[in-house]
Every structure is written in structure tokens, then in C-alpha cells.
Amino acid sequence: MKQKLYDTVDAAVGDVPSGARIFFGGFGGAGFPNNLIQALDRQGASELTAITNNCGSGDGELGILFKHGRIRSVIASFPGPHARHFQELYAAGKISLELVPQGILCERIRAAGAGIYGFYAAVGAGTPVADGREERVVGGRRTVFYEPLAAEFAFIKAWKADELGNLIYRKTARNFNPLMAVAAKTTIVEVEEVVPVGSLDPEAIVTPFVFIHRIVRAKGIHNVVKS
Amino acid sequence: MKQKLYDTVDAAVGDVPSGARIFFGGFGGAGFPNNLIQALDRQGASELTAITNNCGSGDGELGILFKHGRIRSVIASFPGPHARHFQELYAAGKISLELVPQGILCERIRAAGAGIYGFYAAVGAGTPVADGREERVVGGRRTVFYEPLAAEFAFIKAWKADELGNLIYRKTARNFNPLMAVAAKTTIVEVEEVVPVGSLDPEAIVTPFVFIHRIVRAKGIHNVVKS
Amino acid sequence: MSSNPKLTREQVAARAALELHNGDCVNLGWGIPNLVSDYVPTGITVYFHSENGILGMGPRARAGEEDYDVVDAMKVPVTVIPGASFFDQGTAHLMSRGGHLDVSMLGGLQVAENGDFANWKIPGAKGSGGIGGAMDIATGARRLIVCMEHVTKEGAPKLVRRCTYPLTALACVHRVVTDLAVVDVTPEGFVLREVAPGWTPQQVQQQTDARLIVRGDVPEIRLAGR
Amino acid sequence: MSSNPKLTREQVAARAALELHNGDCVNLGWGIPNLVSDYVPTGITVYFHSENGILGMGPRARAGEEDYDVVDAMKVPVTVIPGASFFDQGTAHLMSRGGHLDVSMLGGLQVAENGDFANWKIPGAKGSGGIGGAMDIATGARRLIVCMEHVTKEGAPKLVRRCTYPLTALACVHRVVTDLAVVDVTPEGFVLREVAPGWTPQQVQQQTDARLIVRGDVPEIRLAGR
């Protein structure tokens with residue numbers, strides 16, 4: 001068995017370099033790897049690219065990384081009006097943003113992990129999302145080409161891991177986490193509980209351990225957010 | 001609640017017309033909708049297109065449909081040397097075959113259900129699979145274009161359904177079944193057991209009911225096959 | 001313009017709820033659609049879909065009973081009903097984009113007579129804007145019902161000949177329910193199906209940029225409560 | 001040609017098993033690779049992947065204990081070990097094609113010195129043939145080891161300058177373990193790493209179509225049992 005357990009969140013994110021491209025799981029306050037995010041903030045890496053659904057609420061979730069100027073570039077579906085620090089940087093022209101439709105964001109991430117070199121979807125045709133993208137008419141329908149979206153790191157949150165890295169999630173805290181897990185060079189998971197190998201039901205495992213590189217236990221932080 | 005329960009497998013497949021395009025789940029003897037297949041054979045529809053991993057073993061699984069000349073065309077990954085009836089028809093030139101790499105078969109089916117209008121993969125590049133297909137070099141790698149694969153019907157096998165159609169599978173009997181469920185106009189599932197709504201764990205449901213149109217209870221048939 | 005009041009947001013939601021049938025799987029977007037779940041006709045069960053991975057979403061959680069791992073697309077703690085399932089966000093959008101939901105309802109900024117739809121960006125608005133799930137949901141909708149005010153706060157018509165705002169999706173809208181009317185998108189253009197109580201087709205047309213096709217008598221909107 | 005025997009299929013499998021490291025996720029294909037699981041070095045745990053949806057596959061089921069819902073890619077009832085998971089066939093190939101497995105081992109018909117690989121179709125063979133999971137596995141392999149006889153039954157070399165059989169995948173093979181040698185595919189071509197006991201590099205070269213690069217002394221294959 002490969003040793004994947006880290007003692008602290010700080011150790012788990014210690015080698016993330018400035019300039020790294022990172023997936024952050026989570027949606028609507030559920031399933032955010034908040035302890036990893038805060039450790040990354042302490043660690044100080046900067047010039048990061050964040051691939052995420054949204055950009056935090058106040059100082060919560062990714063907010064702290066924007067507040068401290070760690071992130072240079074964002075690929076997101078819905079940064080959000082409550083992402084105050086992001087919005088200030090964006091208004092000041094200090095941050096670049098690529099908006100991606102939410103389901104397409106999921107598929108582009110999955111494609112990167114699945115050995116798919118791009119795909120066509122009708123989503124985005126005729127909209128600003130298609131600007132600069134190849135289009136193709138399929139069966140009379142306008143479609144747009146999307147390339148895969150990979151990252152060096154995925155920061156994800158799960159409920160329980162076994163010591164190998166098999167994961168289960170809790171309810172809607174699943175969201176982007178299993179998708180991002182498959183598409184990063186190094187996937188780091190923050191979990192509420194680490195259980196012995198063999199104690200998770202093989203049929204109920206959502207993320208098989210092959211996708212997981214580092215595991216760290218940390219008490220989950222829920223920021224109660226408003227949309 | 002929409003009424004999806006059928007009393008008999010014969011009723012569940014009663015309206016499948018000749019010429020229909022059908023997905024058949026199952027791999028290696030596990031997870032084949034054998035009762036539905038046998039009902040379809042009794043029903044007599046012919047000129048069918050079968051989309052499947054393999055083409056039966058002797059009279060088992062799809063074997064009976066080939067034996068009785070129901071199938072005109074096959075899209076498969078590995079028809080199999082033990083698919084005697086298929087091989088005889090194939091040798092006689094009475095059946096057409098498109099061979100598809102197994103993982104690509106999965107992705108083409110998923111794409112059809114996911115609103116994806118085709119994708120590129122490195123799989124098949126430089127091989128006969130690429131004949132007649134568009135190629136594109138991505139980051140120095142040769143890739144091949146694959147279009148989605150939809151069907152009018154999916155015949156699948158699950159372990160338990162609730163009355164809405166939420167499904168769980170048993171071990172490797174899962175295989176192609178959840179993928180095919182999402183990509184057919186009419187998905188018909190054969191299950192060992194029908195349980196009340198609310199009795200399946202919401203986190204353990206593999207196929208949410210939105211993909212399921214007809215449910216029929218039938219004692220599973222395992223043909224013990226050799227590869 | 002009629003001297004009769006326009007419908008309230010709740011009344012628009014109540015009218016939209018009549019579009020739901022027993023057993024339907026339904027996505028409700030932000031704005032007026034989010035109110036529709038309060039008006040599901042009695043005697044039917046509808047399964048609400050949430051883009052973050054729920055099919056079978058129930059009412060909002062009661063105060064003190066919130067589970068912050070069960071939230072809706074507006075990030076509010078909700079409940080689930082028997083038969084519900086949880087899945088990842090990619091599967092949630094496989095459902096929406098792949099055409100598996102029976103009905104989707106979204107709030108709107110503009111709907112064009114060819115069914116084009118804009119709901120995510122007002123030109124010149126400050127901030128980054130955001131797309132969220134709207135493009136996947138609109139593009140894949142088997143039946144898309146837009147619920148919105150008939151005109152903007154400034155009085156500009158929102159049912160238009162051609163959208164001038166950035167689009168959400170092309171030719172995707174089937175029906176529009178507003179505070180003045182129910183309008184269908186057809187190959188011929190907008191067809192006026194119902195008008196608000198006390199409003200005439202002519203008065204509704206005056207609030208509309210595109211031509212409304214009127215066929216025979218146009219009934220008044222029936223309002224259904226619980 | 002040497003008067004010494006070639007390795008048996010079991011010995012080839014035993015040599016191939018030395019390629020495995022503790023914790024590796026490994027796919028074994030049909031043919032000799034299927035024997036490799038019997039020779040995993042003691043003291044390490046390897047997680048076998050099966051294309052039909054298992055990670056953590058154990059030995060074949062004992063007679064009388066078969067569960068026909070737990071089969072391997074050869075359709076034989078197997079067991080699972082602690083830490084195993086079940087998933088659908090698409091996820092299984094996401095793992096293989098997406099480069100998530102540490103090692104894949106496949107049987108082979110031809111390997112070319114540029115790493116091209118043929119293993120699914122003999123020209124002129126009767127029957128439909130079939131691809132199965134081989135193309136996804138070979139294309140996505142992080143480390144692909146081909147285990148096969150060095151020459152065909154008719155004596156034709158299987159390590160060739162260019163493949164003449166229909167390909168499985170381009171430039172995908174990293175190492176070949178045969179009954180005569182261990183050979184690496186490098187940018188310069190085939191490099192001979194080990195020879196069967198009693199065989200010389202020259203004798204192995206005589207059984208090989210492509211040129212074998214020899215660097216210094218070439219050791220004999222060590223054979224490991226359990």
C-alpha cells in the first residue's frame with residue numbers, strides 16, 4: 001500500500017508551487033476543502049490559476065485566497081456576487097476570468113481525466129461562450145468545441161476515506177469533487193474521517209482510490225453562505 | 001408517480017418494432033437482461049440492430065436472437081469466439097458488424113445521453129478503427145473523432161429497483177447497464193426485486209429513476225459461459 | 001395599458017405551476033421559478049432536480065433543522081423526498097443537457113420570437129457576471145418555460161423580435177409565463193394563449209416588442225393556489 | 001539458436017511479475033499476463049483492475065464459491081480483496097484510457113521498435129475478430145509491458161521493425177518480456193536488457209526481426225517464484 005496519509009493540512013499542500021493550476025471542489029457552501037484552502041493561504045503560493053464553480057463568499061471558501069492576492073487567473077461557471085474579494089480584483093483588472101457553462105465545466109474536467117481530447121456540445125452556441133471556438137453543425141444543430149481542462153492539483157473534500165483513498169461523500173457535498181479527483185496530477189482530499197481498508201462497501205465507493213494521492217483528516221468547516 | 005411497472009417481460013417488450021436499434025447490457029455472463037432478451041425473441045421483431053459488448057455464448061444471452069435471425073446489424077467491442085450463431089451469420093455475410101474499442105463504446109453511448117455531439121480520443125489512431133474517421137492532432141498526439149451512439153431501446157439488468165425506477169446493481173453486473181440507461185429513448189430494466197420508494201439509500205443509487213421508463217421483475221438467469 | 005393590476009410574482013409562479021404533471025422531473029431556476037414549488041397542484045408529485053446533484057428535492061429545511069450538506073442551486077439548505085438520489089454535478093448536467101428532464105423553468109431577461117433566450121447578462125452591468133447552469137439547462141430542455149415580468153422596470157418589452165442581450169441559448173424556449181400573459185413560441189412566432197385578468201390582447205401587444213399572434217378568443221389566466 | 005530451453009509461459013509471467021511494485025494498480029490482459037497474478041512477489045500488495053468494473057480483484061473463486069456477478073475480463077468468477085470497489089465499464093476505461101493505472105500488461109502478436117503494438121487480429125484469420133478493451137488499455141497505459149513468445153509457432157519474429165498486423169495502438173509499448181528476453185522500447189529502438197538462461201544476445205538477435213541494441217553485458221533473466 002502506498003502511504004498517502006498526511007498528518008496536517010499544511011504538510012499536504014506544502015509543495016504547491018506558485019503558478020500552479022488547481023481545481024477546487026465545492027458548491028453552495030457544501031463540499032469545499034476549506035481546511036486545504038486555508039493551509040494553501042498560509043503556505044503563500046501565488047500566481048495561481050483556480051478552476052472552480054464559484055469564487056467564495058466574503059472571506060469564506062476561496063475568498064481568503066483572493067483577499068491575499070494568491071490567485072491570478074480564474075476558470076469558473078459562476079464567480080458570484082458575494083465573492084467580494086474576487087469582484088474587487090476583477091473590477092480593478094487584476095485578475096483574468098474565463099466563464100464556462102457549469103455542465104460544460106464538468107465535462108471538460110472529466111474529459112481531461114478520461115483521455116478525451118475535446119468534444120462538441122450545443123451548449124454555448126450563439127452565445128459569447130462560443131467566441132473564438134470552433135463550431136460545427138451536427139444534424140442541423142450548431143455545436144461548439146470544448147477542449148479538456150486539466151490541473152496540476154485538485155483540492156477536494158469528501159466525507160470518509162479509507163487508508164487507500166477510496167472515498168464517499170455526504171449528500172450534495174459530492175458536487176464537483178469526484179469529477180475533479182480524476183483530472184489532476186495530484187489529488188489532495190480533506191476528509192472528516194479515515195477508516196480502515198475494507199470498511200467501505202465496495203459498491204458504495206464513489207471515488208476509487210486510484211485517483212487519490214494525498215489524504216488528510218480535518219474537521220469540516222461550513223461557511224453558511226448566501227447566494 | 002408515473003406507472004412504470006410491467007407485469008411480464010413479454011408486456012415490457014411488446015412494442016419493440018422490427019428494425020429497432022437496441023442496447024443490451026451485460027458482460028461476461030453478468031448483468032445480462034436475459035429474460036427481456038428471451039421475451040424479445042418470443043415477440044419476433046426482426047431486422048434489429050444490437051449494440052452490445054459481445055454476441056452471446058451458444059444460445060445464451062444474445063445467442064438466441066442470432067439463432068433465430070432477429071438481428072441484422074451489430075455494433076460491438078468483442079463479439080466473441082463462443083458467439084457461435086453470430087459467427088455463422090457473419091461468415092455467411094448475413095450480418096453487418098462495426099467493431100468499436102470497449103472504452104470508446106462506453107463513451108459514445110454516454111455521449112448520446114449527455115448531450116455531447118462527438119469527441120476525440122487517441123484510442124484507435126493508426127488502427128483499422130480509424131478508417132473513414134476524421135483525425136486531428138492534439139498536442140502532438142493523433143486522435144480520432146467518435147460520434148455519439150444512441151438507441152431507441154435499452155435492455156438492461158439491475159439488482160433492485162424502487163417503484164420509481166431508481167436502480168442499484170450487484171457487483172460486476174453493473175458493467176454497461178448504467179451507461180446504456182442514459183442513452184435510449186426507452187430504457188427497460190429487468191430486476192430481481194422491486195422495493196418501495198424510499199427504501200434505497202439516496203447516496204447509493206447508481207441510476208436515478210429519470211433514466212428508466214419500464215421496470216419488470218424477473219428471476220435473473222445466469223448462463224455460465226466460457227470466454 | 002389596462003387599469004387592472006399585473007400579476008404578482010407569486011401569481012406568475014402559481015400559473016407556471018399548472019404546467020407540471022404528475023411524476024415530472026423538473027428544474028427550477030433562480031427568480032420566479034424558484035417560487036413555483038410552493039404552488040404544485042394538490043394530488044400530484046413532482047421531482048425537483050438541482051444542478052448540484054439532487055433529484056427529488058423537497059421544501060427548504062426548517063429553521064434549526066438545516067443540513068448544510070444538503071443545499072439547492074441557490075445555496076439554501078433544503079430537504080429531500082422519498083425516492084430522491086444524490087449524484088455529482090456532471091451527472092446532474094448530463095440530465096439537464098441530455099434532455100432527460102420533463103420541464104425546466106428559468107427566469108429571463110429577453111425571449112425572442114424565434115425562441116432565442118437571454119437570462120444571464122445585462123450589457124454594461126458591473127461585476128463579472130456568471131453563467132451557472134443556465135446554458136446547459138436551457139440548451140437541453142425538453143420543455144423550457146420562461147417565467148418573468150413582461151417588461152423591465154424601465155418599461156422595455158422583454159418579449160422581443162430579436163434578443164439584444166448576450167444569449168443563454170438559441171431557439172430553446174417553448175412557453176413564456178409573464179405577469180401579463182402566457183405566450184407560446186411557435187414556428188410562426190409568438191402565439192398569445194392567455195392574458196392577465198382584465199387585460200386585452202391589444203393591451204398586452206402594446207407591452208410587447210414582437211408581434212403576438214392571436215387566434216380566436218384569448219382566455220384569462222386561471223390562478224391556482226394550493 | 002541455443003540448445004537451452006526457452007522460458008515456459010509461467011516463467012515469462014514470473015519474470016513479468018518483477019515489474020510490479022507495492023500498491024500498484026495493474027491491468028492484466030489475456031494470455032501470459034493472466035498468469036502474472038500468481039507470481040506477485042511476497043510482501044507487496046498489488047491492486048488488479050478489471051475492465052468490467054473492479055479495482056482490487058483477488059484470485060479466482062474456489063469451486064463451489066463462485067459468484068457469477070463477480071467475474072473478470074475473461075468471464076471467470078473471481079474474488080475481491082479489502083479496499084476493492086465496483087464501478088461501471090465506462091469508469092473502468094476512464095481509468096485505463098486516462099492514464100490512471102500504474103502498469104498494464106497485455107499479450108502480443110507483434111511489437112515494433114517504435115513501440116507500435118498489434119495484438120487483436122491476425123490477417124486472414126477466420127471469424128469476426130474482436131477488440132475488447134485492448135485499444136483503450138494500450139493507448140492509455142502509463143507503462144505497458146507486453147508478455148509474449150519471442151517468435152510465432154511458425155518461427156516468425158514478433159519483435160519487428162514495423163508491424164504488419166493491424167495495430168492495437170501506436171507507440172505505446174515500454175517493455176517486452178518474452179520467453180527469450182527482456183527488451184525495452186527506447187527512442188533509439190529496442191534495447192536488450194536480459195536474456196533467457198543459456199542464451200546469448202546474438203542468439204536472441206537471430207530470433208528477432210528488428211535490431212537489438214546491446215549495451216555492455218546483458219544479464220540472464222532472474223526467475224522469481226512466490
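Just so it is clear, the model here is predicted, and its values are computed rather than measured. By convention in this document, chain letters (A, B, ...) are assigned in the order of the sequence lines, proteins followed by strands, and residues within each chain are numbered from 1.
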Task: Residue-level interface, residues 116-144 of chain A with chain D, non-hydrogen cut-off under 4.5 Å - done: A/I116
Task: Most chain A-contacting option - heavy-atom pairs closer than 4.5 Å, from D/C25, D/G53, D/G56, D/G99 - done: D/C25
TODO: For D/K121, look at atom NZ and say whether over 12 heavy atoms of other residues, nucleotides or ligands are found less than 6.0 Å away.
DONE: no
Task: Smallest separation among heavy atoms of A/I205 and D/S85, with atom names - done: CD1-CB, 3.8 Å
Open item on the list: So which atom in A/P202 and which in D/A84 form the shortest heavy-atom distance, rounded to 0.1 Å?
Closed with: CB-O, 3.3 Å
Task: Shortest non-hydrogen contact from A/P208 toward D/M95 - done: CG-CE, 3.5 Å
Open item on the list: I'd like to check D/D24 versus A/K2 (side-chain heavy atoms, cut-off strictly below 4.5 Å). Are they in contact?
Closed with: yes
- [ ] Measure the spacing between OG1 of D/T91 and CZ of A/R110 and express it to the nearest 0.5 Å.
- [x] 7.0 Å
Open item on the list: Using a 4.5 Å heavy-atom cutoff, which residues in residues 42-50 of chain A come close to chain D?
Closed with: none
- [ ] Identify which of D/L55, D/T45, D/V80 forms the greatest number of heavy-atom pairs closer than 4.5 Å to chain A.
- [x] D/L55
TODO: Could you list which of residues 130-140 of chain D have a heavy atom closer than 4.5 Å to any heavy atom of chain A, in residue-number order?
DONE: none
Open item on the list: Using only non-hydrogen atoms and a strict under-4.5 angstrom cutoff, which residues of residues 155-180 of chain A touch chain D?
Closed with: A/D162, A/L164, A/N166
